[in-house]
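Everything below concerns the one structure shown next.
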Amino acid sequence: MLFLPVFLDLQSGVVLLVGAGDLVRAKLRLLASAGANIRWYATDGSHDVSGLDAADAALIERATDDPLTADLSGVIAILCAGAGDIGVAMSARAKAVGLPVNVMDDLAHSTFIFPAIVDRGDVVVAVGTGGASPVVARRVRERIEAVLPARIGDLAAFIGSFRKSMHARIPEFSLRRRFWERVIDGPIGALVLAGRKAEAETALNEIADPSAFAGASKDGKAEGRVTLVGAGPGDPDLLTIKALRALQDADVVFYDELVSPEILDRVRRDASRVPVGRRVGKPGMGQDAINKLLIEAARAGQRAVRLKGGDPFIFGRGGEEIEVLRAAGVAYSVVPGITAGLGAAAQFEAPLTYRHEALRITFLTAHKAKDAETVDWSVLTDKKMTIVVYMGMTAAPSVRAGLLAAGRLPQTPVGVFARVTRPDAQAVVGTLENLPALVEKIDGGPAILIIGDVVAHSAPWRQSNLNQVLSKLLDAAE
C-alpha cells in the first residue's frame with residue numbers, strides 16, 4: 001500500500017486550488033460537494049464557474065494575487081490541476097511548510113492523491129491504485145456502485161442517530177458491536193434500506209433489552225463461540241461468502257501456518273491474530289494448547305475463528321477440535337473450505353473422476369515415511385481409483401514402493417502439484433516409477449500427489465507430451 005486512505009475534514013480550513021480549464025473545474029465540483037472552503041487561483045485569469053450550482057459557486061473565494069507568494073495561514077491542503085510549472089513550484093512551497101499537496105497526474109510532486117469515490121451520503125468509499133491506474137480505480141468503483149444499496153448512507157445516518165443512546169444501555173463493548181450487526185443484517189436494517197425509516201425507528205425503540213437482543217448470556221455478558229473455517233488452498237477468491245462473514249465478525253483468529261497472507265488480509269482489522277500452526281520438522285504449538293486457547297476465547301465471550309488451510313474436516317483435525325469444544329460446552333460451527341486436492345484438480349485440469357476411467361477417489365495423508373508404511377496399499381490397486389496424497393513429498397519413495405509392491409503399474413500417471421491456486425503454483429507430471437524424482441523438481445511445498453490415469457488428462461501432461469513431440473520434430477529436422 002503506497003498511499004494510506006484518509007478522510008479529511010475540508011470544512012476545518014481553506015483548500016487552496018491552483019489551475020485552470022476543465023481539469024480545475026472538475027476539482028471545484030468535487031471540493032464543493034464536500035462543503036470545502038475553496039480559495040481558487042486561476043492561472044489563466046478566468047474564474048469561470050459555469051456548470052456549478054449557485055450554492056457551490058458561493059463557496060469559492062476567487063483570488064487574484066500570486067499563489068507562489070500568497071499567505072498560507074489557515075490553509076489545510078493545496079491542489080494543482082492544469083497549473084503547469086506553477087504546480088511544481090507550489091508543491092515545493094507546500095512541502096516546505098508541511099502542507100499536503102496534490103499536483104494532478106504528477107506523483108513525484110504530490111503527497112496525497114485523489115481516489116475514485118463512491119458517495120452515498122454518510123457512506124463514502126474510496127478506491128485507489130497508488131496513482132498507477134485511475135482507470136482501474138474507476139472500474140472498481142463502478143462495480144461497487146452496482147452492488148452497494150442506494151440507501152446505505154441513510155442506514156449509516158439512522159444508526160448514528162441512535163448510537164449514543166443505545167451505547168448508554170449496552171455497557172459491554174463487544175455486545176454493542178453485535179447489537180448493531182444484528183440491526184444492520186436483520187429486519188430493521190432492511191426497513192431503512194427500503195425507505196421505511198419510521199417503521200425502522202419504531203422497531204428499534206421496541207427493543208426492551210438491547211443486550212439480550214445482541215445475544216448476551218444470562219449474566220449479561222457476550223456469549224462466545226468458535227467457528228472452524230476452511231481457508232482453502234491459498235487463493236483468497238476461493239473463500240466462501242460464509243467464511244468471509246466469519247472472518248469479518250471474529251474477535252480473534254487462530255490461524256495455521258499454511259494460511260496465506262492474502263487470506264489473513266480478509267480478517268477484520270481490529271481482530272487479534274494468533275499463529276498456531278506448525279510445519280513438518282519444525283517446532284510449533286501442540287493440539288492440546290490450541291484446544292485450550294479456543295475454549296478460553298469462547299468463555300471470555302469472544303467470537304473465535306479457527307482458520308485452517310484447505311478444509312477443517314480433511315486432514316485438518318477439525319473433528320478432534322469440535323469434540324473438545326462439545327465436551328467443554330462451547331458453542332461452535334463449521335464452515336467448509338475447498339480442499340487442496342480439489343484446488344489442484346481445478347487449476348491443472350486433472351479430473352479426479354472420469355467416465356469409465358476413474359470411478360473412485362481415495363484421500364490419504366503421508367506426513368512421513370512411517371505414515372506411508374501404515375497404509376494398506378493392497379486396497380488401492382484398482383486402476384479406476386484416483387489416489388490423492390496430502391503432505392506426501394517426504395514420503396514419496398514409500399508411497400511409490402507401497403503401490404508398486406501392491407501391484408499398481410509403474411507406468412501409472414502421477415502429478416506433483418505444489419502451492420496450488422497461488423501465484424507461484426507449480427506442477428510436475430510423470431509416472432509412478434519416477435515419483436521421487438518428480439518431487440525433487442518441486443521448489444518447496446506444500447504439495448499434493450495425484451496418482452491415477454486421470455493425470456493423463458491434465459494440462460501439464462498435455463503440455464509435456466506436446467514438448468516431447470516438438471523435441472522429436474526438431475531432432476528429425478536436424
Side-chain angles (χ1 to χ4, degrees), residues 1-9 115 118 120 122-128 144 148 152-153 155-160 162-186 189 210-211 213-217 220-231 236-237 239-257 259-277 285 290 292-309 330-333 335 337:
M1 182 166 56
L2 183 60
F3 288 89
L4 178 69
V6 216
F7 289 89
L8 183 64
D9 180 6
V118 179
R120 292 286 194 276
D122 282 5
V123 174
V124 178
V125 181
V127 181
I144 295 173
L148 204 61
I152 192 70
L155 181 58
F158 174 83
I159 290 172
F162 282 91
R163 191 164 177 259
K164 189 173 182 179
S165 61
M166 280 298 176
H167 285 190
R169 298 173 62 190
I170 309 173
E172 192 172 343
F173 176 78
S174 60
L175 281 176
R176 294 175 189 169
R177 179 188 294 131
R178 297 185 197 186
F179 174 84
W180 291 119
E181 286 172 353
R182 294 193 176 188
V183 167
I184 293 168
D185 297 335
S211 293
F213 178 84
S217 56
K221 299 294 183 181
E223 187 173 356
R225 64 179 298 109
V226 175
T227 305
L228 277 62
V229 175
D237 288 340
L239 283 169
T240 65
I241 293 174
K242 197 169 185 179
L244 283 169
R245 188 178 298 123
L247 294 179
Q248 284 295 303
D249 288 345
D251 299 308
V252 57
V253 176
F254 301 97
Y255 64 94
D256 280 345
E257 178 75 19
V259 175
S260 67
E262 293 81 8
I263 287 175
L264 287 176
D265 282 343
R266 298 323 196 249
V267 176
R268 197 180 79 228
R269 293 295 179 191
D270 57 344
S272 300
R273 305 179 189 187
V274 182
V276 296
M285 187 174 293
I290 295 173
K292 184 180 179 183
L293 287 174
L294 295 175
I295 293 170
E296 288 175 348
R299 287 179 174 170
Q302 294 183 303
R303 289 174 293 187
V305 163
R306 176 72 174 97
L307 188 59
K308 299 168 174 289
V330 170
Y332 64 86
S333 59
V335 179

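Fair warning: this is a prediction, and the values are worked out from it, not measured in the lab.
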With side chain to side chain contact (heavy atoms under 4.5 Å, CB included) as the test, would you mind laying out the steps for Val330 and Leu294 before giving the verdict?
-> CA-CA 9 Å; Val330 170; Leu294 295 175; over 6 Å; no
How long is the gap from CD1 on Ile184 to CG on Leu155, to the nearest 0.5 Å?
-> 5.5 Å
Under 3.5 Å: donor-acceptor pair, side chain of Arg182, backbone of Phe213 = yes
Interatomic distance, Arg176 atom CZ to Arg169 atom CZ [nearest 0.5 angstrom] | 13.0 Å
Check the pair Leu148 / Val118 against side chain to side chain contact (heavy atoms under 4.5 Å, CB included), numbers first and verdict last.
-> CA-CA 9 Å; Leu148 204 61; Val118 179; 3.9 Å; yes
When you look at CZ of Phe173, are more than 12 heavy atoms from neighbouring residues, nucleotides or ligands closer to it than 6.0 Å?
-> no
Less than 4.5 Å apart, any side-chain heavy atom of Phe254 and any of Val305?
-> no
What closest approach, in Å, do Leu239 and Gly230 show between heavy atoms, and which atom pair accounts for it?
-> CD2-O, 4.0 Å
Give the C-alpha distance, both sets of side-chain angles, the deciding distance and a yes or no for salt bridge (Lys or Arg N to Asp or Glu O under 4.0 Å) between Arg306 and Asp256.
-> CA-CA 8 Å; Arg306 176 72 174 97; Asp256 280 345; 2.8 Å; yes
Check Ile170 against Ser211 and note the closest heavy-atom contact, atom names and distance.
-> CG2-OG, 3.9 Å
Residue pair Trp180, His167: steps toward the side chain to side chain contact (heavy atoms under 4.5 Å, CB included) verdict = CA-CA 10 Å; Trp180 291 119; His167 285 190; 3.1 Å; yes
Are Asp251 and Arg225 close enough for a salt bridge, meaning some N to O gap below 4.0 Å?
-> no
With Arg273, the side chain to side chain contact (heavy atoms under 4.5 Å, CB included) member among Leu307, Val259, Val267 | Val267
Any side-chain heavy-atom pair from Arg177 and Arg268 closer than 4.5 angstrom?
-> yes
Give the minimum heavy-atom separation between Ala298 and Val226, together with the two atoms involved.
-> CB-CG2, 4.1 Å
Specify the closest pair of heavy atoms between Pro210 and Met166, including all atoms of both residues, with the distance to one decimal.
-> CG-SD, 4.0 Å
How long is the gap from CZ on Arg120 to CD1 on Ile152, to the nearest 0.5 Å?
-> 9.0 Å
Taking all heavy atoms of Ala331 and all of Gly224, pick out the closest pair and write down the distance.
-> CB-O, 4.2 Å
With distance as the sole test, does Arg266 use its side chain to make a donor-acceptor pair with the main-chain N or O of Leu244 at under 3.5 Å?
-> no
Exam field: side chain Asp122 to backbone Ala156, donor-acceptor pair closer than 3.5 Å = no
State whether the number of non-hydrogen atoms from other residues, nucleotides or ligands found under 6.0 Å of Ile241 atom CD1 is greater than 12.
-> no
With side chain to side chain contact (heavy atoms under 4.5 Å, CB included) as the test, would you mind laying out the steps for Thr227 and Tyr332 before giving the verdict?
-> CA-CA 5 Å; Thr227 305; Tyr332 64 86; over 6 Å; no
Ion pair present between Arg303 and Glu181, side-chain N to carboxylate O less than 4.0 angstrom?
-> yes
How far apart are the closest heavy atoms of Val252 and Ala297, and which atoms are they?
-> CG1-CB, 4.1 Å
